[in-house]
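Read the structure below first, then the notes.
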There are 2 protein chains.
Amino acid sequence: MERAAVTVTIYDVAREAGVSMATVSRVVNNNPNVKPQTRKKVFEAIERLGYRPNAVARGLASKKTTTVGVVIPDISNSIFAEVARGIEDIANMYHYNIILCNADKKKEKEIRVINTLLEKQVDGLLFMGGVVTEDHIQAFRTSSVPVVLCGTKDEHQAMPSVDIDHEKAAFDAVNVLIAGGHRHIAMISGTLQDPANGFARYQGYRKALEAAGIPVRDEYVRIGNYRYESGIESTKYFLELDPRPTAIFSANDEMAIGAIHTIQDSGFKVPEDVAVISVDNIRMASMVRPTLTTVAQPMYDIGAVSMRLLTKLMNKEAMDYTQVTLPHEIIYRHSVAQS
Amino acid sequence: MERAAVTVTIYDVAREAGVSMATVSRVVNNNPNVKPQTRKKVFEAIERLGYRPNAVARGLASKKTTTVGVVIPDISNSIFAEVARGIEDIANMYHYNIILCNADKKKEKEIRVINTLLEKQVDGLLFMGGVVTEDHIQAFRTSSVPVVLCGTKDEHQAMPSVDIDHEKAAFDAVNVLIAGGHRHIAMISGTLQDPANGFARYQGYRKALEAAGIPVRDEYVRIGNYRYESGIESTKYFLELDPRPTAIFSANDEMAIGAIHTIQDSGFKVPEDVAVISVDNIRMASMVRPTLTTVAQPMYDIGAVSMRLLTKLMNKEAMDYTQVTLPHEIIYRHSVAQS
DNA sequence: CTGTTAGCGCATTCAC
DNA sequence: GTGAATGCGCTAACAG
């Protein structure tokens, strides 16, 4: 194959192969109505010329790009990496390309990225994590391509989505603590503004306590920002309290790790003095000492299922439901004493 | 703004505004040759119709897509996330969109992704990390768009690239150990097949030892795969040795963390019994106990500088040099005793 | 300042 | 099976 110094088009291939451009188009698109011999001639010409189909022209002519846009709220968050992997595997399976766009957890940038993707005429859109506001929905509406939310949902649950039951996940996590005999359970929460993740997890915490007849104390709840440092900060605060909590439920693993280190740095032991549990199950959870007991989100599956859902939507297949809730699972490790 | 149920084109806007499509095109492209009043009319029509320019058609007509493709070898590697952030900031500054494509650290997939990006007519390509083989270079050559390697280089250093001096970084790291009085220094290396990262870091290790007159022992070197588990495995091996190493140099942070935990789990202390140092400075490095002393790669800058370099290349600006080496820096934390 | 006219590279009828 | 013709939505000369 030669180098394509100047662009070689479908016309060049046609001339080289002694056929019409329509025929070249057919073989490139795997249209069966081509005599095997002709097909061979064309392939040879393609090879000889180093022809590379122009996806832009194809997209314009066919009004399909076979690519789906994925907006990642925060590329440095490892959760999304795993979800992306699930998305990719299924996308490849259905011959879609995926293009990732990072949005740095900025709403304004998310909207911009959605618009860029739509301008690029993606055939579908996957929106990962983050808060879905009216503005997002507006942006989605300006186009007619299907959108599915993965790892989050919109407030009115009107859009197709794939997620876990965050409230139930939190509820289950706190119950592990309660079952272990804990009565003084603090929570490091995410922002309560986020209905899908933040608020739901907080609700799960409250409901678990209430179900066990344990009073909910305001001073046992701190709002963090999902980062390590904020886990440290919240935990320092908890450790000063009287009575000091004997267990901490963190809204995500990263803050939980901050909690563990803070507890240890303060001369206490995990889980003996303070137990820690959280939600996510990122890779790092098994890379702390003690290893972190946490509620695992099926990240890969969330990605895979939402991509599969999207293919159906793009294909206009009939669907009985477009809101799927995947199961979560408690991973018992060593930051909570085994009962 | 209405919803664009059916596609509204530049013609629709032209009709709505009572001008020609050329004029609409001008205002969309910020061409100054439009009377302010006309511009206003057009904008109103755009707003009223909910017009969204079709980037695919634009790309075809202008032969430019104002997007650059970025191939990420491994999306779950946090190093690349930071590099990507640098890339993005500069890309935005120059009004380029970036599309990320993950390649799962599979060479075959890297090549496929490069081709996909090229078919999509990106204006430039950024190739992050990983090994650059002849096949990669072949793929790059089939197109005439500029390519820059970031965080790696090709064997013959023929392609534009932005990277640190890996050998020197390793050399410096090992010297920290030597300066601390260590003579029994083991290394957890990456694959020696990778000239840019793996082999260069190993070379730095050797040279540092040689320069200090310390014999290089084969049993003090283990080849890992850059992952936590492989740090554990290698360290278990080292701990059995006689004489047992008093310090370990790891080719990357993640394996170093595995080393620290293994040392601790075996009843030894870091850094008292065994010191640990590595290269990278990922976020997790400050999230271990003890915190990890490491040689920081300027990840953000690597991304930013390579994107800047790419813009110049795309712009066909004259360049004196296209191979840039950024400085690294030793971050002193607590996994090596302060001298 | 604004309109007209050609393509950009390809998929896709519709004939043959 | 294959070719000729048309147009996807837009930019870019070229006129005026």
Side-chain angles (χ1 to χ4, degrees), chain A residues 4 6-43 45-46 49-67 95 118-123 143-145, chain B residues 4 6-43 45-46 49-67 95 118-123 143-145:
Chain A
V6 290
T7 23
V8 14
T9 77
I10 202 169
Y11 280 103
D12 302 317
V13 177
R15 193 174 337 102
E16 176 80 11
V19 299
S20 77
M21 59 164 298
T23 299
V24 177
S25 176
R26 287 192 185 94
V27 343
V28 168
N29 290 293
N30 266 312
N31 183 317
N33 295 113
V34 180
K35 208 190 322 181
Q37 206 191 54
T38 314
R39 183 182 304 276
K40 185 158 173 293
K41 271 197 312 190
V42 172
F43 271 133
I46 287 179
L49 266 36
Y51 168 69
R52 182 203 307 282
N54 180 327
V56 172
R58 268 149 75 115
L60 184 57
S62 68
K63 309 190 118 200
K64 278 183 307 185
T65 54
T66 63
T67 105
H95 303 290
L118 257 18
E119 283 179 10
K120 285 192 189 307
Q121 312 299 119
V122 292
D123 294 340
S143 156
S144 50
V145 309
Chain B
V6 289
T7 23
V8 13
T9 76
I10 203 170
Y11 279 103
D12 302 318
V13 177
R15 193 175 338 101
E16 176 81 13
V19 299
S20 79
M21 59 169 298
T23 300
V24 178
S25 176
R26 287 193 186 93
V27 344
V28 169
N29 290 293
N30 266 312
N31 184 317
N33 296 113
V34 180
K35 207 194 316 181
Q37 205 190 57
T38 314
R39 182 181 304 275
K40 183 157 174 293
K41 272 196 312 189
V42 172
F43 271 132
I46 287 179
L49 266 34
Y51 169 69
R52 183 204 307 284
N54 181 328
V56 172
R58 268 151 70 118
L60 185 57
S62 69
K63 308 191 120 205
K64 279 184 306 184
T65 53
T66 62
T67 105
H95 304 292
L118 257 18
E119 283 178 10
K120 286 193 191 305
Q121 313 298 120
V122 293
D123 294 340
S143 156
S144 50
V145 309

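Just so it is clear: chains get the letters A, B, ... in the order the sequence lines come, proteins before strands, and each one is counted from 1. Fair warning: this is a prediction, and the values are worked out from it, not measured in the lab.
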- Query: Under the salt bridge (charged side-chain N to carboxylate O under 4.0 Å, His left out) test, which residues partner B:Asp12, sequence neighbours left out?
  - Reply: B:Arg15

- Item | Rounded distance (Å) that lies between atom P of D:dA12 and atom CG of B:Asn29 | 7 Å

Could you list the donor-acceptor pairs under 3.5 angstrom formed between side-chain atoms of residues 34-41 of chain A and any protein atom two or more places apart in sequence or on another chain?
unit_1: A:Arg39; atom_1: NH2; unit_2: A:Asn31; atom_2: O; d: 3.0
unit_1: A:Lys40; atom_1: NZ; unit_2: A:Glu44; atom_2: OE2; d: 3.0

- Note on the structure: Bend of the helix from C:dC1-D:dG16 to C:dC16-D:dG1 from end-axis comparison, five pairs per end, nearest 10°, comes to 30°

- Item | Exercise: identify the closest heavy-atom pair between B:Asp123 and B:Val145 | O-CB, 3.8 Å

- Query: What is the 5' to 3' range of DNA chain C, first to last nucleotide, that sits under 4.0 Å from any heavy atom of chain B?
  - Reply: C:dC1 to C:dG9

- Decide yes or no for A:Asn54 and B:Gln121: does some side-chain heavy atom of the first lie under 4.5 Å from some side-chain heavy atom of the second? yes

- Rounding to a whole Å, what distance do you find between B:Asn33:CG and D:dA13:P? 14 Å

- If you look at every strand shown and take non-hydrogen atoms under 4.0 Å, does A:Val28 touch a base, only sugar-phosphate, or nothing? nothing

Just the atom pairs and distances: protein N or O near nucleotides 5-9 of chain D's N or O, under 3.5 Å.
unit_1: D:dC8; atom_1: O2; unit_2: A:Leu60; atom_2: O; d: 3.3
unit_1: D:dC8; atom_1: O2; unit_2: A:Ala61; atom_2: N; d: 3.2
unit_1: D:dG9; atom_1: OP1; unit_2: A:Lys63; atom_2: NZ; d: 3.0
unit_1: D:dG9; atom_1: N2; unit_2: B:Ala57; atom_2: O; d: 3.4

Donor-acceptor list for residues 56-63 of chain B side chains, cut-off 3.5 Å, not counting sequence neighbours:
unit_1: B:Ser62; atom_1: OG; unit_2: B:Arg58; atom_2: O; d: 2.8
unit_1: B:Ser62; atom_1: OG; unit_2: B:Lys64; atom_2: N; d: 3.3
unit_1: B:Ser62; atom_1: OG; unit_2: B:Lys64; atom_2: O; d: 3.2

- Which heavy atom of A:Gly50 sits nearest a heavy atom of A:Val8, and at what distance? O-CG1, 4.1 Å

- Task: Run the numbers on B:Tyr51 and B:Ile10 for side chain to side chain contact (heavy atoms under 4.5 Å, CB included), then give the verdict.
- Result: CA-CA 8 Å; B:Tyr51 169 69; B:Ile10 203 170; 4.0 Å; yes

- Task: Using only side-chain N and O atoms of A:Ser20, determine if any of them is under 4.0 Å from OP1 or OP2 of D:dT2.
- Result: no

- Task: Determine whether B:Lys120 and A:Thr67 make a side-chain contact, defined as any pair of heavy atoms from C-beta on separated by less than 4.5 Å.
- Result: yes

- Heavy-atom closest pair, residues B:Ala14 and B:Ser20: CB-C, 3.7 Å

- side chain to side chain donor-acceptor pair (under 3.5 Å) partners of A:Thr66, counting only residues at least two apart: none

